[in-house]
Amino acid sequence: MLEQQLVNGLMLGSVYALIAVAFTLAIGVLNFLNFSIPGLFMVAGMLTWYLLRAHIAWPIAALLAIGSGGLLGLLVERFTYRLMARSAHFVPLVTSMAFLILLENLVLIAWGSDLQRVQVPFETVSWRVGPTVIAVPQLIGLACAVLAVACLDILLKKTRVGRGLRTIAEDAETAALLGVPVARVVPVVFVVGGLFTALGGVLFALNYQQASPFMGEEIALKGIAAMVVGGMGNIWGAILGGLLIGIVETFSITWFGARTVDIGVYGLLLAILFVRPTGILGGALREQRM
Amino acid sequence: MVLELRNLSKSFGGLKVVDQLSFSVARGERLALIGPNGAGKTTVFNLITGVYAPDAGSVLLEGSDITALPSRLRIRRGLARTFQNIRLMPHLTVLENVMIAQYARSPGVAALLQPVGFGRANRWREEAQAALGEAGLQSHANQMAGGLPYGIQKRIELVRALAAAPRVLLLDEPAAGLNPAETEALHLALQAIAARGITLVVVEHDMQFVGRLCQRVVVLNFGVKIAECAVAEIHANRQVREAYLGTDELAA
Amino acid sequence: MSGYLESVLVLLAINTILAYAAFLPMVAGQLNLGVAAFVAIGAYSAGYLSQTYGLHPVLAALAAIFICAFLGWLVAFPILRTRGIYLALATFALNQVVQGTILNLNVVGGASGYPVPAHIGFPVVATFAVLVVVAMVALFHTRFGISFIAVSDDERAADLMGLSVRGLQSAAFTAGAALAGLGGALYAHHFNYIEAQNYGVLFSIYVVLYVLLGGTQTVYGPLLGAAVFTLLPELLRGSAAWRYVIFACLIIAIMSLRPQGVLLRKSWFSS
């Protein structure tokens, strides 16, 4: 029983990990808490449902939905960071919140408030390892998440864009002086973040066969907890935090009931913020402005 | 002795920034604290005002030991300061910035609830206006402090510190970044303040300024007091010259 | 007065109170995403008191103010040790934990909602709102107003100028919690039904956004923000979702053009 819960927690955690990566990238590089990310998660999930219902082949539907994340991420960048980087420090955060509200309500208008069943066109194969059942699509999802983060890690360490991002993370002001094409590099944070979040949304929709306009609020927001617990600004911390939050959630449901999830997950976030705000893998505490 | 430092020491991560520093300031005196960059002068001010707690030693204000006194209570005892990097509140007007320091003269929740914004005649606002007028800054009274020129902001900081009616005024590089005309105006203003009986302790690099304003000098290097003498004698002091490695300022 | 007009005005009154509940911590430099939690605590505790103990609903509302003030003061101790984004995250986490806890309290209905039969009519709600506005205007003509901003601008300098930074921050947070509780209690007793599901962080976000719309530079900003948020959809006839879409677009526009909000100020004290 315990092993099953652990497995379930890890599978769910891989979704949280992807969202946490998007959050942590924006925080680490731009010191920006991007509240629009849950919105992108939701749009990708809902698009998956919609496209599958329209009988579009699932690989294409998935790719389109993931792409939407990148596109929306770019749009958010235009209207938050691009326009306002020089304004008061809270402005990008506030505007990203407005985007979350905008996306949620646009989807409500388009498709109503119901929870939608996602018609998955393939058989859900499961492996049995002793008494434990592992759904193969979920396992693939976990593998995708880890692979995606590994690729991102390589991007950050070995490519020019990656070096540019790390320079901006160190000191945004001197990055431009050092020759980093800031205006071309910053959007990468938003596009990559958007792609990661959207991948999470697609995986969630396919693996749990549901999508709703509220899935951003209800699910993706926990990505913030995952990011903080794992360590803000650290993408491997995002994986760790995501998996941990997934496990905490699964155990909360099993031991205390379905409605105690928020208490467990956000209680952990609160505890970490008081005790060790830099998170498990986080470094020295930086003066974080909004 | 209105201000006394006894064997004050402070280390940051193994580096001793202030080492067994002792000196005292007499009432009404004008003392300069000088030394090369990194000598620990601003740290000394931070120790006196309570920003940092010393590792050892004590600070006495008018005979009483204030070493353990919380920083926000020290201004109420008559100890005010200005800052090396200007620290006005950018989202308050000049007048409001000055009024902030008045609180030290009548602290408490009741004072916070005083309606200073109502009515034409309000003694705190009028007093702040008058102080700004005296300093020639009345035209800026209702402007946001954040956008003003550097020289103006420096003068406002001084008016603000005085609004607390201090007996000892710590000035951290008051002449830094000022042109000759502004420096002269500052000198006259500080002379007038000193004439009112307020004790001045000044951290400065401008030796001419120090020579004209101050009577006595304490010289710091690497956190250690290497000399203490009358202003006229600095030039003759070999240790001081060595500390500055023969800069032209001393020869002036 | 028609029933419809009356509900709109009641919502305006309550939204105004909530606006000031968010405004106070914000002026002191705290982005409080936990406003909804205190609204919920106020609503549920007042509802519980009037139902279970037969307390007169107005007294229940007053009790809610004290309960939320006390809890806010208590919570401020750990919360105010964090700063900036960590503070925002801590209040966000607090909000979700409180909401989650209420969802599990079957004594107040849990996830099924909580009917609150005792009724508070429009005149009383409006009176409370007016009192709150008057109190806020008065407060910001005292030293409190400029002291909050001083602490928000530069904690270190404010401390050295003699202000009690912790005391002021705590006062702002506590007063904000108290006002939020009042708003919640009034809502519960006028609309006679509350649901914990409504009090998630998104609720706090809405309040914070409409306060920023009006602007945090004047004491009238929150009033304007609440008015725009409440009355705009009425002018534009449409579903609730469209109202939020327009509101969101308005926020994005304002933040790109005039991030300080609509109402700017020259001075807290006109002289």
Side-chain angles (χ1 to χ4, degrees), chain B residues 45-46 49-51 70-77 79-83 86-97 99-120 122 124-126 128-129 141-146 157 160-161 163-164 170, chain C residues 23-24 26-30 69 73 134-172 174-175 212 215-221 259-261 263-271:
Chain B
F45 269 16
N46 284 335
T49 52
V51 175
S71 47
R72 68 185 158 85
L73 297 178
R74 299 192 190 194
I75 192 172
R76 298 187 198 177
R77 300 282 200 99
L79 184 66
R81 73 176 285 185
T82 64
F83 300 89
I86 300 175
R87 297 183 81 152
L88 292 176
M89 277 74 184
H91 291 99
L92 289 177
T93 63
V94 170
L95 184 70
E96 290 161 353
N97 265 282
M99 290 179 72
I100 287 284
Q102 291 171 337
Y103 176 70
R105 280 155 52 199
S106 70
V109 178
L112 279 177
L113 287 170
Q114 269 180 16
V116 291
F118 290 119
R120 286 175 197 286
N122 178 282
W124 293 110
R125 240 167 58 223
E126 288 195 334
Q129 292 268 29
N142 288 324
Q143 295 175 344
M144 283 295 160
E157 258 217 350
R160 178 177 72 171
L170 306 176
Chain C
F23 173 70
L24 280 173
M26 280 162 78
V27 158
Q30 307 154 19
W73 175 78
V134 168
M136 289 294 112
V137 172
L139 186 70
F140 280 85
H141 280 84
T142 69
R143 282 195 182 279
F144 259 114
I146 58 174
S147 303
F148 283 143
I149 298 173
V151 163
S152 165
D153 267 354
D154 192 335
E155 267 186 49
R156 170 60 62 209
D159 172 87
L160 287 169
M161 288 298 125
L163 296 177
S164 169
V165 169
R166 249 331 194 77
L168 285 163
Q169 288 176 332
S170 180
T174 304
L212 286 170
T216 52
Q217 284 195 12
T218 74
V219 71
Y220 301 104
Q260 316 92 308
L263 293 179
L264 299 181
R265 72 169 180 110
K266 294 205 191 73
S267 164
W268 287 103
F269 315 136
S270 52
S271 49

Can I get a per-line list of side-chain donor-acceptor pairs under 3.5 Å for residues 146-153 of chain C, giving both atom names and the distance, sequence neighbours left out?
| from | atom 1 | to | atom 2 | distance (Å) |
| --- | --- | --- | --- | --- |
| Ser147(C) | OG | Arg143(C) | O | 2.6 |
| Asp153(C) | OD1 | His91(B) | ND1 | 2.7 |
| Asp153(C) | OD2 | His91(B) | N | 2.7 |

**Asked** Side chain, backbone, both or neither: which part of Pro90(B) has a heavy atom under 4.5 Å from chain C?
**Response** both

**Prompt:** For Arg105(B), which residues count as a salt bridge (charged side-chain N to carboxylate O under 4.0 Å, His left out) partner, sequence neighbours excluded?
**Reply:** Glu127(B)

**Prompt:** So, do Phe140(C) and Thr218(C) sit near enough that their side-chain heavy atoms are less than 4.5 Å apart?
**Reply:** no

**Item:** Residue part contacting chain C, namely of Leu73(B), when any heavy atom lies under 4.5 Å
**Value:** neither

**With Arg76(B) via salt bridge (charged side-chain N to carboxylate O under 4.0 Å, His left out) - residues at least two apart** = none

**Side-chain donor or acceptor of Asn97(B) paired with backbone N/O of Met89(B) under 3.5 Å** = yes

**Asked** Any side-chain heavy-atom pair from Thr82(B) and Phe45(B) closer than 4.5 angstrom?
**Response** no

**Message:** Between Ala111(B) and chain C, with a heavy-atom cut-off of 4.5 Å, which part of the residue counts as in contact: side chain, backbone, both or neither?
**Reply:** backbone

**Item:** Residue-level contacts of residues 163-172 of chain C with chain B, using a heavy-atom cutoff under 4.5 Å
**Value:** Leu163(C), Ser164(C), Leu168(C)

**Prompt:** Are any side-chain N or O atoms of Ser71(B) and backbone N or O atoms of Thr49(B), one a donor and one an acceptor, separated by less than 3.5 Å?
**Reply:** no

